[in-house]
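Residue numbers start from 1 in every chain, and the chains themselves are labelled A, B, ... in the order their sequence lines are given, proteins ahead of strands.
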Amino acid sequence: MQKKIRTRFAPSPTGFMHVGNLRTALYEYLIAKSMHGDFILRIEDTDQERLVEGATDVIYRTLRETGLMHDEGPDIGGEFGPYVQSERQELYRPYAEQLVREGKAYYCFCTKERLDSLRGEEEGFGGYDRHCRDLPQEEVERLLKAGTPYVIRQKMPVEGSTTFEDAVYGSITIENSELEDQILLKSDGYPTYNFANVIDDHLMQITHVVRGCEYLTSTPKYNLLYEAFGWEIPVYVHLPLIMGRGDDGEVSKLSKRHGSTGFDDLVNEGYLPQAIMNYIALLGWCPKDNEEVFSLEGLVQNFSVDGISKSPSVFDYDKLAWFNGEYLRAMPPEEFTALAMPYYRQSLGEKTCNWTVLSTILQPRVTQLTQIPEKIRFFAELPEYETDLFVNKKSKTNLENSVTMLEHAIAALEAISTWDVETIHTVLLELAPKLEVKNGTLLWPVRIAAAGMSVTPGGAIEILAILGKEESLRRLRIGLAKLGA
RNA sequence: GGCCCGGUCGUCAAGCGGUUAAGACACCGCCCUUUCACGGCGGGUUCACGGGUUCGAAUCCCGUCCGGGUCACCA
């Protein structure tokens, strides 16, 4: 029987869900679910200084809103808990000490100052000189007894190379000379991220380690650890990075300077969670049949690791907006109205109006909910406008015939008793032939007078219906007055 | 700088030795039409460059260039 697939999402609680992290979580979920496996949530909060109040709630909420339901985690338990690293604290030290006993790791008493001086002027070059790697046993004991602060470092091989397989990038080889004797246990007794990661992944029986490819070059360090313990190495799935393009045209890892990068930010900008997920799923992965619009369930159905690409991709807000529009349009009208209501209120206040008609005209015209207030502002208040808006070549309207059109329209509309789209439509479309003009010639000036703008969401008829009889006629008369009639 | 990984339209991308090099977003044009949008149709010197290998290369190999990542008692 095949081993059950287990992936894990292991975020640090920073209070901010970056889309890059979200996308990693998505792929972890998809890999597990597409192979009937489990998706585990583990909180990595070993960094005491960066603890943020309420940050784990952001993680739970995001997972819930995006539909990425985990099978085990701090909030729902599971047989491999605890799922918060700070609660597993005492668990790591014995593993580090085991390696010391076996001669695979050692105590290092070097001070921070000494390490800094080793690094020299130019940052990033040169590394630890393995000063404590071969300290005499008595010396180690003496320092330990004296209470000298120490860290535990792993002995890395000094020569040779380490090769590993990545499910996306294939075979990768790195010279061991590139590897520093990595710290396992910090002087404060806490494990380093890398160390805790390996221990936890092994203990939680994670089969697929999915993460951004910024970890690609440090993967041999992980493997050397698995080997030191004699543990099975998981399948690695490194994901191409998500980039952003700055104003200068430069691309780099997606960050604040490129625009919104947090899930919540995007939602606040009027993007739907489903659209965000659908879009980021396709950033770095392509389905076999080139479909584009997928529900989470559809993604699970179609996902496969071999569709993951190796090259980084640039986050494109335009394409996200297109996806968002697709989801908005596919929605039942009532759902759209419910989502749009807060934005309707922004422009219209407590005023009530025909929400159904309003949604009908907005639904196909909006790609972000936040575009709504600006688009409908003219309903609340008639904008100032110039009479040249009445002139339109294609509709064959000019300052003179607009007067005639408006006069007839007002007369016809005054007679209407049930003010709805259907009736207004019938009345105006019957009027045009009577006046021996095409629909556009009649409707253009009506729309201009009703809206006070040249470009409007929806046509004259819908606008009149939303405005109501009284306000509609008032505006048409204002138009007439402007035209000097 | 060392090491690692990439490079197919502006962007996301299919492609796996023989294709007229798909598709989507964006852009432009036309149609529909009551403006706009939706929808429909159409448009574009795209395989970074240079060498190989091969009857044949976007696909395989080498070099160059460009881009990114990484070198912490951060995660």
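In this structure, A/V314 reaches the sugar-phosphate backbone alone: every heavy-atom distance under 4.0 Å involves primed, P, OP1 or OP2 atoms, never a base. Within the 4.0 angstrom heavy-atom criterion, no nucleotide atom of any strand lies near A/M453. Contact annotation for A/Y279: no contact, since no heavy-atom pair falls under 4.0 Å across all strands. Heavy atoms of A/V251 sit under 4.0 angstrom from primed sugar atoms or phosphate atoms, though from no base atom. In this structure, A/L241 reaches the sugar-phosphate backbone alone: every heavy-atom distance under 4.0 Å involves primed, P, OP1 or OP2 atoms, never a base. If you check every strand for non-hydrogen atoms under 4.0 Å, A/N439 touches sugar and phosphate atoms only. Using a 4.0 Å heavy-atom distance criterion, A/S454 is classed as a base contact. At a threshold of 4.0 angstrom between heavy atoms, the contacts of A/S311 are confined to the sugar-phosphate backbone, with no base atom among them. Within 4.0 Å (heavy atoms only), A/S309 reaches sugar-phosphate atoms of the nucleic acid but no base atom. Among the protein residues, A/S395 comes within range of no part of the nucleic acid, since none of its heavy atoms lies under 4.0 Å from any strand. Residue contacts shown for A/K394 include a base, since a base heavy atom lies under 4.0 Å away. Counting any heavy atom pair closer than 4.0 Å across all strands shown, A/S313 reaches sugar-phosphate atoms only and no base atom. Residue contacts shown for A/G284 are limited to sugar-phosphate atoms, with no base heavy atom under 4.0 Å away.
The side chain of A/Y169 sits closest to B/C5 out of B/G69, B/A72, B/C5. Residue A/D318 places its side chain closer to B/C25 than to any other of B/U34, B/C25, B/G6. Ranking B/U35, B/C5, B/A75 by closeness to the A/L216 side chain, first place goes to B/C5. Of the candidate nucleotides B/U34, B/U11, B/A72, B/U11 has the atom lying nearest to any side-chain atom of A/D316. Candidate nucleotides B/C38, B/A75, B/C25 were compared by shortest atom distance to the side chain of A/S12, and B/A75 ranks first.
Counting to the nearest Å, the P atom of B/C38 and the CZ atom of A/F336 are 14 Å from each other. What separates CD1 of A/I308 from C1' of B/A13 is a distance of 15 Å, to the nearest Å. Atom NZ of A/K310 is separated from atom P of B/C16 by 15 Å (rounded to the nearest Å). The distance from atom CH2 of A/W322 to atom P of B/A13 is 15 Å, rounded to the nearest whole Å. Per the geometry, CZ belonging to A/F323 stands 18 Å off C1' belonging to B/C38, to the nearest Å. To the nearest angstrom, C1' of B/C5 lies 14 Å from CD of A/E178. Between the CG atom of A/N278 and the C1' atom of B/C25 there is a distance of 13 Å, given to the nearest Å. The nearest whole Å value for the distance from the NZ atom in A/K438 to the P atom in B/U35 is 9 Å.
By the 6.0 Å and 45° rule, A/R153 stacks over the aromatic ring of A/Y128.
The local environment of NZ in A/K288 is crowded, with over 12 non-hydrogen atoms from other residues, nucleotides or ligands closer than 6.0 Å. The environment of NE2 in A/H408 is sparse: at most 12 heavy-atom neighbours from other residues, nucleotides or ligands sit within 6.0 Å. In this structure, A/K256 places its NZ atom where only 12 or fewer heavy-atom neighbours from other residues, nucleotides or ligands lie under 6.0 Å away.
No hydrogens or angles were tested; on distance alone, a donor-acceptor pair under 3.5 Å links the side chain of A/S187 to the base of B/C73. A donor-acceptor contact under 3.5 angstrom links the side-chain atoms of A/R447 to the base of B/U35. On a pure distance criterion of 3.5 Å, no polar donor-acceptor pair joins the side chain of A/K288 and the base of B/A14. For A/Y215 against B/A75, a side-chain-to-base donor-acceptor contact under 3.5 Å is present. Between the side chain of A/N290 and the base of B/A14, no donor-acceptor pair of N or O atoms lies under 3.5 Å.
Within the 4.0 Å cut-off from OP1 or OP2 of B/C74, at least one side-chain nitrogen or oxygen of A/K186 is found.
Shown here, B/U11 forms a base pair with B/A24; the pair counts as Watson-Crick or G-U wobble because both key distances fall under 3.5 Å. Here B/G18 sits opposite B/C55 as a Watson-Crick or G-U wobble pair (both hydrogen-bonding atom distances under 3.5 Å). When Watson-Crick and G-U wobble pairs are counted only if both distances are under 3.5 Å, B/A48 pairs with B/U64.
Below 30°, between 30° and 60°, or above 60°: for A/Y215 and A/Y222 the angle between ring planes is above 60°, a perpendicular geometry. Below 30°, between 30° and 60°, or above 60°: for A/Y236 and A/H238 the angle between ring planes is below 30°, a parallel geometry. Classified by interplanar angle (parallel below 30°, tilted 30° to 60°, perpendicular above 60°), the ring pair A/Y150/A/Y107 is perpendicular.
When the C1' atom is compared between B/G68 and B/C73, the two are found 28 Å apart, to the nearest whole Å. Distance noted for atom C1' between B/C49 and B/C65: 7 Å (whole Å). Taking atom P on both B/C55 and B/C4, the two are 34 Å apart, rounded to the nearest angstrom. For B/C47 and B/A58, the P atoms lie 10 Å apart once the distance is rounded to whole Å. A gap of 16 Å separates the C1' atoms of B/C62 and B/U54, to the nearest Å. Across B/C12 and B/G6, the matching C1' atoms stand 16 Å from one another, rounded to whole Å.
At a threshold of 4.5 Å between non-hydrogen side-chain atoms, the residues A/L225 and A/N194 do not count as touching.
In this structure, a donor-acceptor pair under 3.5 Å is absent between the side chains of A/N324 and A/T367.
Ranked by how close their nearest RNA chain B nucleotide is to the 5' end, A/W285 and A/T192 are led by A/W285. Along RNA chain B, the nucleotide nearest to A/Y150 and the one nearest to A/I172 differ in position, and the one closer to the 5' end is contacted by A/I172.
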